[in-house]
There are 2 protein chains.
Amino acid sequence: MVKDELDRKILCYLKENSRASYAQIGREIGLSASAVGERIQRLEETEVIKGYKTLIDPKKMGLSVSAYILMSLESKNFHSFVEIMKDYPEIEHCSRVTGENCLIMKINVKDSGHLQKFIDRLAKHGNPSTQVILSDLITN
Amino acid sequence: MVKDELDRKILCYLKENSRASYAQIGREIGLSASAVGERIQRLEETEVIKGYKTLIDPKKMGLSVSAYILMSLESKNFHSFVEIMKDYPEIEHCSRVTGENCLIMKINVKDSGHLQKFIDRLAKHGNPSTQVILSDLITN
DNA sequence: ATTGAAACTTATCCACT
DNA sequence: AGTGGATAAGTTTCAAT
């Protein structure tokens, strides 16, 4: 899948600037644009590359409060909640983690009122524990 | 900054596919490529758009264990640790959250041995509490 | 697996609106 | 603030290696 140093260089470059052109990457690593294109196509097909995302500032979209919520669920509710959760637009990402049916999610909400409503909604299904984000120190 | 529905449509589209061409986005929302380009340039300048990232599967890079680590630090160590931490390649992202000098970070490591070493390194500065990721349920 | 050429598509600039 | 035309740059495909 990731064959050699050139693949790693391409991924390293794309990671931080997914809008870079093949030509630009090629100049950087000493390869023709078409070779870069073919390598990237292979990395996409083998799902080494899982997508190209744009980082948008939630604050500038009117979502001024971000938080991590840790939540444990009863076993019987777990899978139904996971389905319900997919329709919550507040959730930026969510992972299942070790511990008794535990989830960690990152959310973006308008304000503390919205946060409260969101927590109340979660509390119907489990025990959410919230930690509001003060600042992002590292973002890769 | 985000002026109207067209801006929101552009951001919504770019969010999930940051490699889309201006022409392609223009076709989608009924605008010329040059108009799309000008809007995106403005969204970049006003930092509504904070970057274009490629999602790479850590497992396919030989990083088979991912985890969230919650960590509280002593007040006097906090800022020096934040500087040290910036050189840890294992950290994918890290946020300061409410609570006594608390951090939440997401990390990717090779295996459980690597995880142990990493936790030991953190433990010199504070009290890390680790939750290994079993699966990603939502990724936006 | 990489190159370079050909054919096609896109980006960027600018005059016009 | 958007359009459309012109030009430079980029993408994609493919034969050759």
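Worth saying up front: this structure is predicted, and the values here are computed from it rather than measured. We name chains A, B, ... by the order of the sequence lines, and we start the count at 1 in each one.
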Output the rounded distance in Å from CD (A:Glu44) to P (D:dT11).
12 Å

Within a strict 4.5 Å, meaning less than it, do heavy atoms of the B:Ile40 and B:Ile10 side chains meet?
yes

Hey, does A:Arg96 have a side-chain heavy atom less than 4.5 Å from the side chain of A:Asn101?
yes

Is there a donor and acceptor pair closer than 3.5 Å between the side chain of B:Ser34 and the base of D:dG2?
no

Atom pair distance, as rounded to whole Å: CD in A:Gln41 and C1' in D:dC14
13 Å

Can you give me the first and the last nucleotide of DNA chain C (5' to 3') that has an atom within less than 4.0 angstrom of a non-hydrogen atom in chain B?
C:dT10 to C:dC13

SB check A:Glu47 A:Lys50 (cutoff 4.0 Å):
no

Taking side chain to side chain donor-acceptor pair (under 3.5 Å) as the test, write out the residues that go with A:Arg121, two or more places apart.
A:Glu90

Answer yes if B:Ile56 and A:Ile25 sit in the same cluster of Ile, Leu, Val, Met, Phe, Trp and Tyr residues linked by side chain heavy atoms under 4.5 Å apart, and no otherwise.
yes

Inspect the contact between A:Glu5 and A:Arg8 and indicate whether a charged nitrogen and a carboxylate oxygen are less than 4.0 angstrom apart.
yes

Pull out every residue in residues 15-28 of chain B that has a heavy atom closer than 4.0 Å to any atom of DNA chain D, ordered by number, or say none.
none

Using only heavy-atom distances, determine whether the side chains of B:Tyr22 and B:Glu38 contain a donor-acceptor pair under 3.5 Å.
no

Given DNA chain C, 5'-ward residue of the pair B:Glu38 and A:Asp4, judged by closest heavy atom:
A:Asp4

Less than 4.0 angstrom from a charged side-chain N to a carboxylate O is my criterion; do A:Asp4 and A:Lys9 meet it?
no

Given atom CG of B:Leu6 and atom P of D:dA1, what is their separation to the nearest angstrom?
12 Å

NZ of B:Lys9 versus P of D:dG2: gap in Å, rounded?
13 Å

